[in-house]
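Below is one structure, written out as structure tokens, with a few remarks after it.
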Amino acid sequence: MIDGLLLALPKGRIARELSPVLSRAGIEPETAFADEHARQLRFATSDPGLGLIQVRSFDVATFVAFGAAQLGVVGNDVLMEFEYREIYAPLDLGIGLCRMVVAEPAELATGDDPSRWSHVRVATKYPQVTRRHFAARGVQAECIKLNGAMELAPGLGLCRRIVDLVGTGATLRANGLVEVEHIADISARLVVNRTALKTRAGELQAWIERFGEAVNGAQAG
Amino acid sequence: MTETKTPALLPTGLRDLLPPEAGAEAALAEALLAHFAAQGYERVKPPLVEFEESMLSGASAGLADQTFRLMDPASHRMMAVRSDLTPQIARIAASRLSRSPRPLRLSYAGEILRVRGGELRPERQFRQVGFELIGIGAGAACDAEVILLAADALHGLGLEGGLSVDLNAPTLVASLLAEAGLDAHDAAALRDALDRKDAAAVQDADGAVAGLLAPLMRATGAAGTALDALAQLMLPGAAAAALAQLLEAAKLLREAAPELALTIDPIEWRGFEYHTGTSFSLFAGGVRTELGRGGRYSVGDAGAKAEEAAGCTIYVDTVLRAAPAPPAPRRVYLPHGTPRSDGAGLRDEGWITIAGLAPEDDPAAEAARLGCSHLWQGGTVRALAGED
């Protein structure tokens with residue numbers, strides 16, 4: 001355990017966009033990693049000193065914060081929500097690009113004046129970020145925590161507004177929602193456990209540089 | 001779901017320490033204190049509770065939201081339960097020991113209580129053991145004495161993962177940001193990015209300060225390369241002085257203890273709220289959080305009477321997790337009726353004796369039931385079956 005390093009990766013879109021970055025960084029995961037039906041959770045790579053685990057994106061942050069994995073890849077939406085002091089995010093990988101926005105039904109947006117709000121009810125996967133965002137302008141946000149399909153909430157009367165990630169905006173439009181406020185630009189970051197960076201500085205610094213070169217290579221090419 | 005109330009349930013972050021951990025923790029604390037004492041650091045013992053205004057005055061005001069308070073029914077004044085021992089030692093040095101010769105070397109051990117635990121360290125009560133070197137000059141020799149003493153004391157415990165020291169300059173970034181004249185919002189955003197070591201966000205920051213911070217951030221890591229990179233940097237004003245102090249301390253440490261694993265992080269400032277100069281955190285491989293931290297700070301009123309000090313606080317509960325388990329003690333069972341002098345003789349030889357308080361049918365079985373490794377029988381110590 002103490003010898004090898006463990007890299008925690010999320011599933012889904014980030015994982016797909018990450019695979020060219022991994023190969024440019026010289027990391028070839030074992031074949032089971034690409035098999036979406038495999039039950040395996042832990043994978044070897046072409047580098048004997050580096051193993052992979054694949055977990056949900058919020059759990060990537062948890063594994064790295066507690067030092068169970070020394071490295072991880074996770075969107076800054078998750079980092080903003082947790083604000084773990086034990087996680088460093090030294091490198092923007094430039095993948096998994098999207099925006100975190102406030103959205104509401106189109107018909108509400110036409111007659112709405114956000115400067116008059118004192119309280120809003122919001123469905124979101126990000127209650128901390130949402131609360132902070134609204135508190136900064138003096139609005140109290142009552143958050144309803146959902147784990148997915150936020151776009152359904154306004155139509156079904158759960159609440160009128162949502163805070164969610166938006167890529168092209170197609171899902172919002174399909175559900176009759178419009179973006180009314182931009183909270184943050186999101187991209188995937190390479191994250192490192194703080195204690196690991198102090199006690200295994202050389203190894204981790206080398207990996208950060210390898211990933212940095214892989215990302216720069218992609219941008220140049 | 002209704003929660004069942006059980007007397008065993010303790011409030012969050014508080015715990016009972018049982019055998020053998022409680023004994024091991026006390027032994028660790030004593031071993032550390034013996035190291036400090038051997039280099040002239042004398043014990044002081046401040047009280048658990050003080051008046052709020054003296055406990056949380058000046059530099060320690062930053063501890064206010066971590067501090068429990070209670071009303072003193074006798075004086076009708078608000079009292080604070082200590083959440084850190086260093087401010088108490090500083091108060092003693094500045095008041096009752098103000099006429100003792102400088103530098104003053106003091107050590108201490110005590111429990112502290114905090115309002116909230118951390119993410120990785122939920123404990124709200126834990127034992128701090130530490131030492132303070134008070135009334136010192138600007139020279140890095142003082143910082144080196146503190147760091148080397150802390151490292152030697154922890155080395156003496158035979159930590160399994162190996163010790164590493166992270167050297168910090170908590171005032172460096174603050175003075176760079178102040179000099180850059182950023183507005184509060186931009187400064188907060190930049191601080192945030194620095195805390196996360198987010199190189200991209202720091203590079204996006206406006207102006208000259210980004211040009212200074214980016215290379216500082218790159219110069220974080222193992223001492224060898226970091227120090228070379230830092231030595232090339234040209235920083236303005238107070239930041240340059242903070243950096244020079246850090247470099248000088250690192251140089252002394254590397255000369256005095258070339259085998260010590262040293263990393264440099266000129267960006268780190270969290271947890272060093274009252275520190276005014278070169279500071280450090282102590283890590284061990286395989287342990288999630290710091291074993292301790294310390295650095296330079298100011299003692300006494302600001303102005304003519306203020307003194308410089310440096311010290312180190314070690315979190316004994318964390319060290320306990322990194323230290324090897326002590327060998328199981330040799331316990332011998334003395335059957336009921338064993339003469340008192342037999343027991344005394346065995347204890348003189350280093351045995352732990354467990355006396356039988358009532359006649360037993362099978363002394364060997366009774367010895368095993370009470371966790372003894374040996375039995376006193378027929379004038380000799382006999383190992384129980386399965387023990388050596």
Side-chain angles (χ1 to χ4, degrees), chain A residues 1-3 5 61-70 72 74 76 78-80 82-95 97 129 132 136-137 184-209 211-212 215-216 219, chain B residues 118-122 159-168 184-185 188-189 192-204 214 217-226 229 261-265 267-271 280-291 293 318 321-322:
Chain A
M1 264 304 279
I2 203 108
D3 301 318
L5 291 172
T62 308
F63 273 89
V64 175
F66 282 79
Q70 292 77 24
V74 67
N76 61 325
V78 174
L79 298 177
M80 286 163 66
F82 280 138
E83 290 206 310
Y84 277 125
R85 291 170 55 137
E86 303 298 323
I87 293 185
Y88 289 145
L91 187 64
D92 189 338
L93 296 171
I95 58 170
L97 300 177
V129 178
R132 276 202 307 274
R137 28 177 284 211
D185 289 318
I186 305 299
S187 59
R189 311 295 168 102
L190 179 70
V191 294
V192 185
N193 173 262
R194 170 167 171 262
T195 304
L197 189 63
K198 309 294 187 193
T199 54
R200 307 176 72 174
E203 289 167 83
L204 284 165
Q205 215 77 51
W207 276 112
I208 294 168
E209 273 160 36
F211 271 93
V215 170
N216 289 334
Q219 279 159 359
Chain B
E119 292 152 0
L120 301 193
R121 217 164 156 279
L159 301 187
E160 278 158 356
L163 185 71
S164 95
V165 177
D166 191 41
L167 214 52
N168 315 117
H185 178 266
D192 213 39
L194 289 167
D195 287 347
R196 285 183 281 116
K197 302 242 185 299
D198 183 343
V202 170
Q203 231 131 32
D204 289 347
M217 193 135 79
R218 279 196 296 275
T220 296
T225 47
L262 191 64
T263 56
I264 312 288
D265 186 346
I267 301 285
E268 187 77 74
W269 72 288
R270 293 174 300 181
F280 60 95
S281 302
L282 303 159
F283 292 92
V287 181
R288 275 186 213 143
T289 54
E290 301 98 316
L291 306 179
R293 59 191 348 175
T318 309
R321 266 173 244 144

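Treat the numbers as computed from the prediction; the structure is a model and nothing was measured. Numbered from 1 within each chain, the chains take letters A, B, ... in sequence-line order.
Contacts of B:Glu290 classified as side chain to side chain donor-acceptor pair (under 3.5 Å), with partners at least two apart in sequence or in another chain: A:Arg194, B:Arg293. For B:Arg121, the side chain to side chain donor-acceptor pair (under 3.5 Å) criterion is met by B:Asp317, B:Thr318, not counting sequence neighbours.
Looking at every heavy atom in both residues, A:Glu83 comes nearest to B:Glu119 through O-OE2, 3.6 Å. Closest heavy-atom contact between A:Thr195 and B:Val287: CG2-O, 3.3 Å. A:Thr199 approaches B:Ser164 most closely through the heavy-atom pair CG2-OG, 3.8 Å.
Contacts of B:Thr225 with chain A are absent, with no heavy-atom separation under 4.5 Å from either backbone or side chain. Within the 4.5 angstrom heavy-atom criterion, only backbone atoms of B:Ala284 (N, CA, C, O) approach chain A. The contact between B:Asp198 and chain A is made by backbone and side chain atoms together, counting heavy-atom distances below 4.5 Å.
Top candidate by heavy-atom pairs under 4.5 Å with chain B, chosen from A:Ala201, A:Ala89, A:Gly202, A:Ala196, is A:Ala89. Between chain B and the options A:Gln205, A:Arg85, A:Arg189, the largest number of non-hydrogen pairs under 4.5 Å is found for A:Arg85.
Within 6.0 Å of OH on A:Tyr84 lie more than 12 heavy atoms contributed by other residues, nucleotides or ligands.
Between atom OH of residue A:Tyr88 and atom CD of residue B:Glu268 there is a gap of 3.5 Å, rounded to the nearest 0.5 Å. Here CG of A:Asp92 is found 11.0 Å from CD of B:Gln203. Values are rounded to the nearest 0.5 Å.
None of B:Thr220, B:Asp265, B:Thr263 except one satisfies the side chain to side chain donor-acceptor pair (under 3.5 Å) rule with A:Lys198; the exception is B:Asp265.
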